[in-house]
A.B. asks: 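Dropping the structure in here first, questions after.
Computed from a predicted structure; not experimentally measured. Numbering of residues begins at 1 and proceeds along the displayed sequence.
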Amino acid sequence: MFKEICITPQVFSSEKITDSNWKDVKNLLEALSNSGFILGLNNKQWLRTVLDNINHLPNKKRERLQTVMGILRDRQRIVGHPNQGQSEGEGEDSWLQVATQLNAICPFYKIIATANHYDQTLSIEELEEINISDIFGITGSHHYLKNTENLTHVLRPFLSYAKKLTIIDPYLYLHLPRNKESLRLIAQEFRSRRGEREAGKIVIHCRWEDRPNKRETKYYIKKWQAFLQEFSKESPHEIEVNGWKGEENAQKLHDRYLITNQGGLVSAAGTDKDDFQQSEWSMKDYNERSEILLQYNENSSPFSLKCCVSVDNIETFD
């Protein structure tokens, strides 16, 4: 699924980027622009060091690598982890020490270095011996039982360094215990950043269900708010729930997505925790994210917004 890797800045140095391997590095970065992200060690220091190294390469190599680095940055696929004490000018061993410390907290998909220093590292020379697309590219859909272990496996690399999260699930109703469990699990992984947690915003879009008794509808909406108020004591995230209604004989809310500023996941059987149900998970093309989100913008949506619920407020719309 979503792949998180770490690359030492020395990989991009003029001493290591050669005529025979620079295309392998470019292909690796291009694959990640679709399938994952790079964790920049010591926050912005990693990116500064990498860009400086690339800037010293010959014209063709420099321009091609700068282009793909630009794509990664535009897609927010380079994320910085807070400084771990690494000082500028130190060698690759120091960078690898930081990487292995973070890897012990939560394993990277791969660590790329100039040489195979440790068992978990892949050297730049080894890139030409593997199929980069097969290992680092989008690998199709995966079936998982929706238990805690599998959901964590899918969600942690996808959510831990994201800044924004939109959950689209027609049946994610917060008066149901299984959905409360799911939101707790999602919120736990969202912006977790290997223990350097930050608060963020989670927006949920679900389907509005008209009920014959309007008091019953209001009852459920108040239950949603009550849960959000309770949950706010244990989670720092701001959470908002929007209920949408499709017009008769028109487009219906059906698909389930998790969309962040970095990418999108599709879950065929929903985002709720269920120890007995499997779901097919796949990655959404990055460029389709905006089209999906436009369906849940009041100015462009084919649906009608019927309610908006937060910790502090309940709004309903006729």
A.B. asks: Do Leu32 and Phe37 have side chains that get closer than 4.5 Å, going by heavy atoms?
C.D. replies: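 No, their side chains stay 4.5 Å or more apart.
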
A.B. asks: Could you label the plane-to-plane angle of the Tyr220 and His175 rings as parallel, tilted or perpendicular, counting under 30° as parallel and over 60° as perpendicular?
C.D. replies: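 Plane angle between 30° and 60°, so tilted.
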
A.B. asks: Working note: Leu151 + Trp281, criterion side-chain contact (heavy atoms from CB on, under 4.5 Å); need CA distance, chi angles, decisive distance, verdict.
C.D. replies: CA-CA 10 Å; Leu151 286 175; Trp281 292 82; 3.6 Å; yes

A.B. asks: Looking only at heavy atoms, which two atoms of Glu288 and Lys284 are closest? And how far apart?
C.D. replies: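 Result for this residue pair: OE1-CE, 2.7 Å.
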
A.B. asks: Side chains of Glu92 and Thr8: donor-acceptor distance under 3.5 Å anywhere?
C.D. replies: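 The answer is yes; a qualifying pair exists.
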
A.B. asks: Please determine whether side-chain contact (heavy atoms from CB on, under 4.5 Å) holds for the pair Leu28 and Ile7, giving the CA-CA distance in whole Å, both sets of side-chain angles, and the decisive distance to 0.1 Å.
C.D. replies: CA-CA 11 Å; Leu28 168 65; Ile7 310 177; 4.2 Å; yes

A.B. asks: Start with the C-alpha distance between Asn34 and Arg75, add both sets of side-chain angles, then the distance that settles side-chain hydrogen bond (donor to acceptor under 3.5 Å, both in side chains), and finish with yes or no.
C.D. replies: CA-CA 9 Å; Asn34 292 313; Arg75 296 184 177 185; 3.2 Å; yes

A.B. asks: Write down the atom of Asp275, the atom of Lys273, and the distance for their closest heavy-atom approach.
C.D. replies: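 Minimum heavy-atom separation between Asp275 and Lys273: OD1-NZ, 3.2 Å.
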
A.B. asks: With ring centroids as reference points, do Tyr296 and Phe303 lie under 6.0 angstrom apart?
C.D. replies: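 Judged by ring-centre distance (under 6.0 Å), Tyr296 and Phe303 do meet the cut-off.
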
A.B. asks: Would you check if Met1 and His142 make a side-chain contact, meaning some heavy-atom pair closer than 4.5 Å?
C.D. replies: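 Yes - at least one pair of side-chain heavy atoms lies under 4.5 Å apart.
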
A.B. asks: Is the shortest side-chain heavy-atom distance between Asn147 and Asp274 below 4.5 Å?
C.D. replies: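 SC-SC contact between Asn147 and Asp274 ruled out.
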
A.B. asks: Answer yes or no: is there a side-chain heavy-atom contact under 4.5 Å between Tyr257 and Thr166?
C.D. replies: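 No; the side chains remain at least 4.5 Å from each other.
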
A.B. asks: Would you mind reporting whether Thr152 and Leu185 have side-chain heavy atoms less than 4.5 Å apart?
C.D. replies: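 Yes, side chains in contact.
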
A.B. asks: Please name all residues satisfying salt bridge (Lys or Arg N to Asp or Glu O under 4.0 Å) with Arg77, sequence neighbours left out, ordered by chain then number.
C.D. replies: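 Once residues adjacent in sequence are excluded, Arg77 has no partner under the salt bridge (Lys or Arg N to Asp or Glu O under 4.0 Å) criterion.
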
A.B. asks: Between Ser141 and Glu280, which heavy-atom pair has the shortest distance, and what is it?
C.D. replies: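 Where Ser141 meets Glu280 most closely, the heavy atoms are OG-OE2, 2.6 Å.
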
A.B. asks: Where do Asp24 and Asn21 land on the side-chain hydrogen bond (donor to acceptor under 3.5 Å, both in side chains) test, with the steps shown first?
C.D. replies: CA-CA 5 Å; Asp24 295 323; Asn21 67 25; over 6 Å; no

A.B. asks: Does the Lys NZ or Arg CZ of Lys3 fall within the cation-pi geometry relative to Tyr109 - under 6.0 Å from the ring centre and within 45° of the axis?
C.D. replies: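 The answer is yes, since Lys3 meets both limits relative to Tyr109.
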
A.B. asks: For a salt bridge (charged side-chain N to carboxylate O under 4.0 Å, His left out) with Asp169, tell me which candidate from Arg207, Arg256, Arg178 qualifies.
C.D. replies: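 That would be Arg256.
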
A.B. asks: If you look only at distance, which donor and acceptor atoms sit under 3.5 Å apart when one is on a side chain in residues 156-164 and the other is two or more places apart or in another chain?
C.D. replies:
from: Arg156; atom 1: NE; to: Glu189; atom 2: OE1; distance (Å): 2.9
from: Arg156; atom 1: NH2; to: Glu189; atom 2: OE2; distance (Å): 3.2
from: Ser160; atom 1: OG; to: Arg156; atom 2: O; distance (Å): 3.0
from: Tyr161; atom 1: OH; to: His81; atom 2: ND1; distance (Å): 2.7
from: Tyr161; atom 1: OH; to: Arg194; atom 2: NH1; distance (Å): 3.3

A.B. asks: Considering non-hydrogen atoms only, spot the tightest contact between Val68 and Lys26 and give its length.
C.D. replies: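 Where Val68 meets Lys26 most closely, the heavy atoms are CG2-O, 4.4 Å.
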
A.B. asks: Do Phe136 and Ile130 make a side-chain contact, defined as non-hydrogen atoms from C-beta onward lying under 4.5 Å apart?
C.D. replies: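 Yes, at least one pair of side-chain atoms sits under 4.5 Å.
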
A.B. asks: Between Asn242 and Glu240, do the side chains contain an N or O donor and an N or O acceptor separated by less than 3.5 Å?
C.D. replies: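 Judged by distance alone, the side chains do pair up.
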
A.B. asks: So do Trp46 and Ile78 actually touch side chain to side chain, heavy atoms under 4.5 Å?
C.D. replies: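 Yes; the side chains approach each other to less than 4.5 Å.
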
A.B. asks: Could you check whether Thr271 and Ser182, counting side-chain N and O atoms only, form a donor-acceptor pair closer than 3.5 Å?
C.D. replies: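 Judged by distance alone, the side chains do not pair up.
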
A.B. asks: Among Lys61, Arg62, Glu63, exactly one meets side chain to side chain donor-acceptor pair (under 3.5 Å) together with Asn59. Which residue is that?
C.D. replies: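 Passing option: Arg62.
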
A.B. asks: Just so I know, are the side chains of Phe227 and Leu174 near enough to count as touching, which here means a heavy-atom distance under 4.5 Å?
C.D. replies: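 Phe227 reaches Leu174 side chain to side chain.
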
A.B. asks: Compute whether any side-chain donor of one residue and acceptor of the other, for Glu126 and Ser123, lie under 3.5 angstrom apart.
C.D. replies: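 A donor-acceptor contact under 3.5 Å links the two side chains.
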
A.B. asks: For the residue pair Arg289 and Tyr286, would you count it as a cation-pi contact if the rule is NZ or CZ under 6.0 angstrom from the ring centre and within 45 degrees of the ring axis?
C.D. replies: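 Because its charged atom sits under 6.0 Å from the ring centre and within 45° of the axis, Arg289 does stack over Tyr286.
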
A.B. asks: Can you list the steps and then say if Ser301 with Trp244 is a side-chain contact (heavy atoms from CB on, under 4.5 Å)?
C.D. replies: CA-CA 10 Å; Ser301 178; Trp244 298 84; 3.6 Å; yes

A.B. asks: Report the C-alpha distance between Arg64 and Trp22 in whole Å, list the side-chain angles of each, state the deciding distance to 0.1 Å, and finish with yes or no for side-chain contact (heavy atoms from CB on, under 4.5 Å).
C.D. replies: CA-CA 9 Å; Arg64 298 292 178 84; Trp22 76 271; 3.6 Å; yes

